[in-house]
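Chain A is the first sequence line, chain B the second, and so forth, proteins listed ahead of strands; every chain is numbered from 1.
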2 protein chains.
Amino acid sequence: MARTTDGDGTPVPQRLLAAATRLFADHGYDRTSVQEIVEAAGVTKGALYHYFGSKDDLLHEVYARMLRVQQERLDAIADADAPVEQRVRDAAADVVVTTIDNLDDASIFFRSMHHLSPEKNKQVRAERRRYHERFRALIEEGQDSGVFSTATPADLVVDYHFGSVHHLSTWYSPEGPLTPQQVADHLADLLLRALRP
Amino acid sequence: MARTTDGDGTPVPQRLLAAATRLFADHGYDRTSVQEIVEAAGVTKGALYHYFGSKDDLLHEVYARMLRVQQERLDAIADADAPVEQRVRDAAADVVVTTIDNLDDASIFFRSMHHLSPEKNKQVRAERRRYHERFRALIEEGQDSGVFSTATPADLVVDYHFGSVHHLSTWYSPEGPLTPQQVADHLADLLLRALRP
DNA sequence: CCCGGCAGACTAACCAGTCGGTATGTCGTG
DNA sequence: CACGACATACCGACTGGTTAGTCTGCCGGG
């Protein structure tokens, strides 16, 4: 029996990461002990430290995964061949849907930055900045071409929208009346309405 | 010499609370040891546990203070004798300014809820809900009287705006180009623009 | 003389990370 | 194909360090 997939079918590293994600989201990073993680994943500490350098590494993986996914999706949308207005709407709605789809990741994201080691923290900030700038460029493009109001600096507009995304993990519940897509449409709509000249 | 104000003029309990607030905001609740708090306040554990029941109590005080202040301000604005549009704008801008004025409290607020004991957590949620409902009522009043668009459910509008408020502690810096009032005006403006029929 | 206000040593619990050990698999060689 | 050498994947007891909270007692003012 291959030890790597012992128990169920998924490989141990992914089981560990999944367990850690759920526990970090539920109880917070430092209310979660390494012992709890390995128990939830059905292994022991030996396995965890075989695949990951530290508890901190596990957290960093959550950030890396989320940032990679979001950046890829934004790039694809921003590079698409559509009017700015449409691309902004798509980007704004898309980030809402993927955030809701990974609500655990999202609540960890905004709550646990200060648990990352200084270098990892710096790295995460840098990647998030890249994302922010890409989004801001889209807004500016719309402002320059006259389809968006220039009343508000693009930076602030981006922070305004991401505030609402950030906030999703606080209030959104799958049991609520709205589907992720409906929430996304509404939030994108609010952004676009706010940007009308 | 009265021990209560030993060192500087402010009473020990307030010194403790101030030190805790700064440290919780800077390093997070559980990266802050009780020892650090008492050292920053210039006292010892004996003093802290003389005035507060637990470390958790200290955190709860931060929440209680913030909620009380915000609720009072919102009530005053909502009860004022002015058109809905104006009252919403005032309320939206005011919460931004007071949040920036107490940025430490704000970053603690959204990051450390899960460190509160279950009952305290419940209590905080209840008070926050009251705040939310009051704000929502304002939006609905505007929608019912036709000055605001009804395209988006009022609940979502409130969460949209509070997302951006929540997010302030992530990006706002006093060294940045915008004063708190300018940020507040912009964010209130974005909200009002999004609500135009 | 007594009590609120505080000092600071102490305790019991916990926890991240280590380390020596075991089982299974793979590969080169005769 | 048999066999040893080495590697990978994991186990779980242990350690060193930290921490929230307690408790005894001192000290000065009313």
Side-chain angles (χ1 to χ4, degrees), chain A residues 1-21 23-24 26-62 108 112 114-121, chain B residues 1-21 23-24 26-62 108 112 114-121:
Chain A
M1 164 173 36
R3 268 294 136 80
T4 332
T5 58
D6 190 51
D8 71 35
T10 38
V12 169
Q14 291 169 44
R15 289 222 309 273
L16 282 165
L17 196 55
T21 303
L23 289 166
F24 289 166
D26 286 352
H27 312 126
Y29 177 74
D30 30 29
R31 307 284 267 229
T32 302
S33 71
V34 169
Q35 195 57 42
E36 287 172 324
I37 298 171
V38 298
E39 272 165 24
V43 292
T44 62
K45 284 193 177 188
L48 193 155
Y49 284 97
H50 179 70
Y51 292 109
F52 300 92
S54 62
K55 185 184 173 187
D56 180 282
D57 262 16
L58 228 30
L59 181 61
H60 183 66
E61 275 305 312
V62 176
I108 293 169
S112 307
H114 59 295
H115 292 306
L116 288 169
S117 68
E119 326 96 67
K120 287 179 190 142
N121 196 301
Chain B
M1 167 172 36
R3 267 296 135 80
T4 333
T5 57
D6 189 52
D8 70 36
T10 39
V12 170
Q14 292 169 43
R15 289 223 309 274
L16 282 165
L17 196 54
T21 303
L23 289 166
F24 289 166
D26 285 353
H27 313 126
Y29 178 74
D30 31 28
R31 305 285 267 230
T32 302
S33 70
V34 169
Q35 195 56 44
E36 286 172 326
I37 297 171
V38 297
E39 272 165 24
V43 293
T44 62
K45 285 192 175 188
L48 193 155
Y49 285 96
H50 180 71
Y51 292 110
F52 299 92
S54 63
K55 186 184 173 187
D56 181 282
D57 261 14
L58 228 28
L59 181 61
H60 183 66
E61 275 305 311
V62 176
I108 294 168
S112 308
H114 59 295
H115 292 306
L116 289 168
S117 69
E119 326 95 67
K120 287 180 191 143
N121 196 300

>> Main chain of Ser33(A), side chain of Glu36(A): is a donor-acceptor contact present, judged purely on distance under 3.5 Å?
In response: yes

> Nearest to the side chain of Lys45(A) - dC10(D), dG17(C), dC11(D)?
Replying inline: dG17(C)

>> Measure CG/Asp56(A) against P/dC15(C) and give the value in whole Å, please.
In response: 18 Å

> Is the side chain of Glu61(B) donor-acceptor paired with the backbone N or O of Leu58(B) at a distance under 3.5 Å, no angle test?
Replying inline: no

> How many Å lie between CG on Leu16(A) and C1' on dC11(D), as a whole number?
Replying inline: 13 Å

> Which nucleotide, dC11(D), dT22(D), dG17(C), lies nearest any side-chain atom of Tyr49(B)?
Replying inline: dT22(D)

> For Phe52(A) and dA9(D), what is the distance between atoms CZ and P respectively, to the nearest whole Å?
Replying inline: 13 Å

> Atom CD1 in Ile37(A), atom CZ in Arg15(A): separation rounded to 0.5 Å?
Replying inline: 14.0 Å

> Taking CG from Asp57(A) and P from dA16(C), how many angstroms apart are they, rounded to a whole number?
Replying inline: 14 Å

> So, is His50(A) close to the dA9(D) phosphate, meaning a side-chain N or O under 4.0 Å from OP1 or OP2?
Replying inline: yes

>> Just verifying a value: how many Å separate His114(B) NE2 and Arg31(A) CZ, rounded to the nearest 0.5 Å?
In response: 7.0 Å

> Taking DNA chain D as the partner, which of residues 26-36 of chain B come within under 4.0 angstrom of it by heavy atom?
Replying inline: Thr32(B), Ser33(B), Val34(B)

> Which whole-number value in Å describes the distance from Ile37(A) CD1 to dC10(D) P?
Replying inline: 16 Å

> Could you walk me through whether Lys55(A) and Phe24(A) pass the side chain to side chain contact (heavy atoms under 4.5 Å, CB included) check?
Replying inline: CA-CA 11 Å; Lys55(A) 185 184 173 187; Phe24(A) 289 166; 4.3 Å; yes

> Given atom CG of Leu48(B) and atom P of dG21(D), what is their separation to the nearest angstrom?
Replying inline: 9 Å

> To the nearest 0.5 Å, how far apart are CG in Leu16(B) and CZ in Phe52(B)?
Replying inline: 6.0 Å

> Given dA20(D), is OP1 or OP2 found less than 4.0 Å from the side-chain N or O atoms of Lys55(B)?
Replying inline: yes

>> Suppose we screen for ring-ring contact (aromatic ring centres under 6.0 Å, His included). Which residues come up paired with His115(B), at least two apart in sequence or across chains?
In response: Tyr29(B)

> Taking CZ from Arg15(A) and P from dA9(D), how many angstroms apart are they, rounded to a whole number?
Replying inline: 14 Å

